[in-house]
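See structure below.
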Amino acid sequence: MSIISTNDRQITFIFDPSTKLGRECQAYALSSEAEILAIDLTKTKIADTEWVEIAERIGKTVPELIAKDHPAFTNLYGEGIELDNTDALKVLNKNPETLVYPIAIRGDKAVMAHTFSDILKLIKPDSSDVKIP
């Protein structure tokens, strides 16, 4: 059983609202007709098992979820640091602002939003689903 909802009517949006990209992506998600579960990382902690599942959903490892060039990371850990899953989970729990990009999940689809328009992949219907008379 999945920890993260797989409901096609809901977008689970994981973000840091202190970033411009996080706010832009949130606005795009809110513009959809889907119900939004916004997880503000400055207020809500995500369990280790959920981080692992989120990483798997977007085809990444947990260490790949971390922006190693983020000042919060480099000030605490330095540069050129390699992380294993355990270390990466500790970083995300203590410094969630180091999440590299916002993440959105809808049904069985998930995206790491490098730009705000990546959220559209979960909002706009797939053109293959459109029936043309």
Side-chain angles (χ1 to χ4, degrees):
M1 183 173 157
S2 176
I3 296 168
I4 304 296
S5 174
T6 57
N7 185 341
D8 285 331
R9 295 184 205 153
Q10 176 179 298
I11 295 175
T12 301
F13 182 62
I14 304 160
F15 72 113
D16 179 351
S18 68
T19 67
K20 180 181 179 191
L21 181 58
R23 291 186 305 273
E24 289 174 342
C25 289
Q26 181 184 30
Y28 267 77
L30 290 170
S31 72
S32 76
E33 294 179 9
E35 182 179 321
I36 305 297
L37 172 60
I39 300 174
D40 174 345
L41 292 174
T42 65
K43 297 178 182 176
T44 304
K45 296 284 184 200
I46 294 179
D48 290 354
T49 53
E50 291 174 313
W51 278 122
V52 170
E53 183 179 345
I54 290 164
E56 288 173 356
R57 285 266 189 108
I58 58 175
K60 302 283 184 188
T61 64
V62 177
E64 290 176 307
L65 300 180
I66 297 172
K68 294 181 196 168
D69 58 348
H70 191 285
F73 184 88
T74 57
N75 289 340
L76 290 170
Y77 308 105
E79 295 180 15
I81 303 296
E82 292 301 318
L83 301 171
D84 62 18
N85 273 358
T86 303
D87 293 334
L89 290 167
K90 288 177 185 176
V91 170
L92 284 169
N93 284 320
K94 290 181 181 178
N95 304 95
E97 69 275 14
T98 61
L99 179 68
V100 68
Y101 296 109
I103 297 170
I105 303 166
R106 184 176 192 177
D108 62 353
K109 296 179 184 175
V111 295
M112 181 178 270
H114 297 144
T115 67
F116 60 87
S117 63
D118 287 338
I119 298 298
L120 294 176
K121 295 174 185 172
L122 300 180
I123 295 173
K124 288 189 175 182
D126 187 326
S127 60
S128 65
D129 293 339
V130 177
K131 301 209 179 345
I132 301 173

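Looking at Val111, Leu65, Asp118 one by one, the single match for side-chain contact (heavy atoms from CB on, under 4.5 Å) with Ile103 turns out to be Leu65. Remark: of the listed residues Thr86, Leu99, Ile66, Ile66 is the sole one forming a side-chain contact (heavy atoms from CB on, under 4.5 Å) with Val91. The only member of Asn85, Asp87, Asp84 that meets side-chain contact (heavy atoms from CB on, under 4.5 Å) when paired with Val62 is Asn85.
In this structure a side-chain-to-backbone donor-acceptor pair under 3.5 Å is missing from Arg9 to Ala34.
Taking CG of Asp8 as the reference point, atom NZ of Lys109 lies at 8.0 Å (rounded to 0.5 Å). A distance of 9.5 Å separates OG of Ser18 from CG of Leu41, quoted to the nearest 0.5 Å. To the nearest 0.5 angstrom, Ile119 atom CD1 is 11.0 Å from Glu24 atom CD. In this structure, the separation between CH2 on Trp51 and NZ on Lys45 is 10.0 Å, given to the nearest 0.5 Å. Considering CG of Asp108 and CZ of Arg106, their distance stands at 11.5 Å, rounded to 0.5 Å. A distance of 8.0 Å separates CZ of Arg57 from OG1 of Thr12, quoted to the nearest 0.5 Å.
Looking at Thr42 and Pro17, their side chains come closer than 4.5 Å, going by heavy atoms from C-beta outward. Phe73 places a side-chain heavy atom less than 4.5 Å from the side chain of Leu83. Looking at heavy atoms from C-beta onward, Ser32 lies out of side-chain contact with Leu122 at the 4.5 angstrom threshold. Contact check for His70 versus Glu97: side-chain heavy atoms found under the 4.5 Å cut-off.
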Pair Ile11-Ile123, side chain to side chain contact (heavy atoms under 4.5 Å, CB included): steps then yes or no
CA-CA 9 Å; Ile11 295 175; Ile123 295 173; 4.2 Å; yes
Could you walk me through whether Leu37 and Glu35 satisfy the side chain to side chain contact (heavy atoms under 4.5 Å, CB included) test, starting with their C-alpha distance in whole Å, then the side-chain angles of each, then the deciding distance to 0.1 Å, before giving a yes or no?
CA-CA 7 Å; Leu37 172 60; Glu35 182 179 321; over 6 Å; no
Apply the test side chain to side chain contact (heavy atoms under 4.5 Å, CB included) to residues Lys68 and Ile81: give CA-CA distance (whole Å), side-chain angles for both, the deciding distance (0.1 Å), then the verdict.
CA-CA 8 Å; Lys68 294 181 196 168; Ile81 303 296; 5.7 Å; no
Working note: Tyr77 + Asn95, criterion side chain to side chain contact (heavy atoms under 4.5 Å, CB included); need CA distance, chi angles, decisive distance, verdict.
CA-CA 11 Å; Tyr77 308 105; Asn95 304 95; 3.6 Å; yes
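The nearest pair of heavy atoms linking Cys25 to Pro102 is SG-CG, 4.2 Å. Here the shortest heavy-atom pairing between Gly22 and Thr19 reads N-OG1, 3.0 Å. Here the closest non-hydrogen pair linking Ala55 and Thr61 is CB-C, 3.9 Å. Smallest separation of non-hydrogen atoms from Tyr101 and Met112: CB-CG, 3.5 Å. Across every non-hydrogen atom of Ile36 and Leu30, the tightest pair is CG1-CD2, 3.8 Å.
Ring pair Phe116/Tyr28 is tilted by interplanar angle, where 30° to 60° counts as tilted.
When the side chain to side chain contact (heavy atoms under 4.5 Å, CB included) test is applied to Asp48, the partners found at least two apart in sequence or on another chain are Leu89, Asn93.
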